[in-house]
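The sequence lines fix the lettering, A, B, ..., with proteins before strands; numbering per chain opens at 1. Hydrogens, waters and symmetry mates play no part in the numbers below; they use all other heavy atoms, side chains included.
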Protein chains: 2
Amino acid sequence: MIYSSELIKGTLKTIVLQQLKQNGKMYGYEITQKVKELSKERIAITEGALYPTLHALEADGLVHTETEYIGKRVRKYYRLSTSGENKVLEKVNELAEFMNTMKFLLDIKTA
Amino acid sequence: MIYSSELIKGTLKTIVLQQLKQNGKMYGYEITQKVKELSKERIAITEGALYPTLHALEADGLVHTETEYIGKRVRKYYRLSTSGENKVLEKVNELAEFMNTMKFLLDIKTA
DNA sequence: GTCCAATGCATAAGATTATTATGTATCTTT
DNA sequence: AAAGATACATAATAATCTTATGCATTGGAC
């Protein structure tokens, strides 16, 4: 079962930043696969969502890129900048608090 | 501190449905105030977001409405339909699971 | 050796759903 | 009398996703 796409909205940037934090440098396709695996197939990041997001993170100076060639195929690696490292902490903290609030609001018992 | 609006996206319908479940019948303004109170001012539902959402829930047959007059002032009460009662269970369960997945993905420790 | 699936990037049209602004009107408090 | 709270609603705009499309390389199956 895949989570309905509305839920991903608003958390995608946070997920991507956190993956970069945990893995140092990653390329786009790798991020989709890693998140798919970690979420047991329940979070599917589409390319149409991912690439614009990565470009936005770069435009905001939260990540830096390096291009590598594997044979003739291009890979664009992304890595957190210093401000990106701060941002991921902020974002994850905010989401953690938000989830606590939602748990209370929705009367959800902890598993 | 108010949660950034991106986080609300995708959870607003669930919040509204759950409030209706917990309180039987409610009118729009009441929902905004109740959520504001329960979230300690951290979730602010704007009218421009709420009313279209309520209308959509009604169009989907998840809620029924009754209009009441308090003096000359109109109040439109919303109440879950039978399919709305099923829907709220689905939505809350999905969100609960999603939050567990996110907690794992983002390496968040339980408070 | 050819074809399909997977890998890898990217953008564009369209849909969804929020923000912000605006409008109307009543009621309460100062 | 004025301001703020109550109460509904819609429209223009913005953000951000889905879906579709495009291009190109690589690996495995047949």
Partners meeting side-chain contact (heavy atoms from CB on, under 4.5 Å) with S4(A) (sequence neighbours left out) | E6(A), L7(A), E94(B)

Please state how far atom [atom1] in [X] lies from atom [atom2] in [N], giving the value in whole angstrom units.
X: I31(B); N: dA7(D); atom1: CD1; atom2: P; answer: 12 Å
X: E30(B); N: dA7(D); atom1: CD; atom2: P; answer: 8 Å
X: L54(A); N: dT11(C); atom1: CG; atom2: P; answer: 11 Å
X: K76(A); N: dC23(D); atom1: NZ; atom2: P; answer: 20 Å
X: Y78(B); N: dA7(D); atom1: OH; atom2: C1'; answer: 11 Å
X: M26(B); N: dC8(D); atom1: CE; atom2: P; answer: 11 Å
X: E58(A); N: dC9(C); atom1: CD; atom2: P; answer: 13 Å

Expected string for nucleotides 13-30 of chain C under the B/S/- scheme (protein heavy atoms, under 4.0 Å, primed atoms plus P, OP1, OP2 as sugar-phosphate) is -----SBB-----BS---

Worked check of side chain to side chain contact (heavy atoms under 4.5 Å, CB included) between L12(A) and I45(A) | CA-CA 8 Å; L12(A) 181 54; I45(A) 302 179; 3.8 Å; yes

Is the shortest side-chain N/O distance from [X] to OP1 or OP2 of [N] below 4.0 Å?
X: H55(A); N: dT11(C); answer: yes
X: Y27(A); N: dG8(C); answer: yes
X: Y51(B); N: dC8(D); answer: yes

Would you mind listing every side chain to side chain donor-acceptor pair (under 3.5 Å) that reaches into residues 32-51 of chain A, with sequence neighbours excluded?
-> none

Summary of side chain to side chain donor-acceptor pair (under 3.5 Å) pairs that have at least one residue in residues 68-79 of chain B, sequence neighbours excluded =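 Applying side chain to side chain donor-acceptor pair (under 3.5 Å) to every pair that reaches into residues 68-79 of chain B, excluding sequence neighbours, yields K25(B)-E68(B), Y27(B)-R75(B), E66(B)-R79(B), R75(B)-Y77(B).
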
Output all residues satisfying side-chain hydrogen bond (donor to acceptor under 3.5 Å, both in side chains) with N23(A), sequence neighbours left out; order by chain, then residue number.
->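 Testing N23(A) for side-chain hydrogen bond (donor to acceptor under 3.5 Å, both in side chains), a comparison that skips the adjacent residues, returns Q19(A).
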
Kindly write out the residues that satisfy side-chain hydrogen bond (donor to acceptor under 3.5 Å, both in side chains) with T53(B), not counting sequence neighbours, or none if the list is empty.
-> none

